[in-house]
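The next block holds one structure in the form of structure tokens; read it before the comments.
Side-chain atoms are counted along with the backbone in the values below, which use heavy atoms only and exclude waters and symmetry mates. Counting starts at 1 for both ligands and their atoms, in listed order.
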Amino acid sequence: MIDKETLARVVEFHGHMCPGLAMGVRAAEVALAEIGPHSTDEEVVAIVETDMCGVDAVQFLTGCTFGKGNFIHRDHGKNAYTFIRRSDGKAIRLSPRPRSFGAPDTDAERATLMAAVRSGTAGPDERARFWAVQQERSTALLEVPIEELYDVREVDVAMPAMARVMASVDCAVCGEPTMETRIRRLDGDELCGPCFDARLAGRSPVAPPTTRRPGP
Ligand SMILES: [Zn+2]
Ligand SMILES: [Zn+2]
């Protein structure tokens, strides 16, 4: 388990302690133990199937980060994580157990409080209670056996390509240098995505042909 100081740094990075972050911490612990230490380059690649709180813990602790290119998001809306070691291809996937976030009774209160906090209708007492519940739930998640949270198994995955540095092309409309693989061509101009979309949206729909093609 990670030490208190490191945990405090994770919380500082994310902004608060919450059950989602705790789930990410637990996933990262498994990755660090079974796949390898904190990546300074691309030694380990993470494929994450969520874009919620937990990914901040995974990035901070494993060194698989969005900016280095060894952090891949697949938008499945699942709290599932795959870690791949480049040196020998060993990979594990952690898939969350049903209801791993909490029992329905404790989570009913948490859900009600969260809705009130999110909508801005919670008073000071409700807010305090919400964060107390979040802390309680997070602490519990940090302490339960990993088997209660995740099914962890070795998987076969194709090795993701190394991150590549691409050349840039200046967009013909806004002039902003844009990675060449993102440039789109319209009317012979090389455009960035937003300028391409804007030009296309500003066009009238293609007029129907006025002459029929000669039939057979
Ligand atoms: Zn959070
Ligand atoms: Zn542009």
Could you state the interatomic distance from CG (Leu94) to CG (Asp151), rounded to the nearest 0.5 Å? 8.5 Å
Val30 and side chain to side chain contact (heavy atoms under 4.5 Å, CB included): which partner among Leu149, Ile92, Ile35? Ile92
Return the set of protein N, O or S atoms whose distance to the Zn ion (ligand 2) is under 2.8 Å, each given as residue and atom. Cys171 SG, Cys174 SG, Cys192 SG, Cys195 SG
Which of parallel (below 30°), tilted (30 to 60°) and perpendicular (above 60°) describes Phe60 and Phe13? tilted
side-chain hydrogen bond (donor to acceptor under 3.5 Å, both in side chains) test vs Gln134 passes for just one of His16, Arg129, Arg110, namely Arg110
Shortest non-hydrogen pair, Leu141 vs Met23, comes out as CD2-SD, 4.1 Å
What's the spacing between Tyr150 OH and Asn79 CG if we round to 0.5 Å? 4.5 Å
Could you please compute the angle at the Zn ion (ligand 1) from SG of Cys53 to SG of Cys18, rounded to 10°? 100°
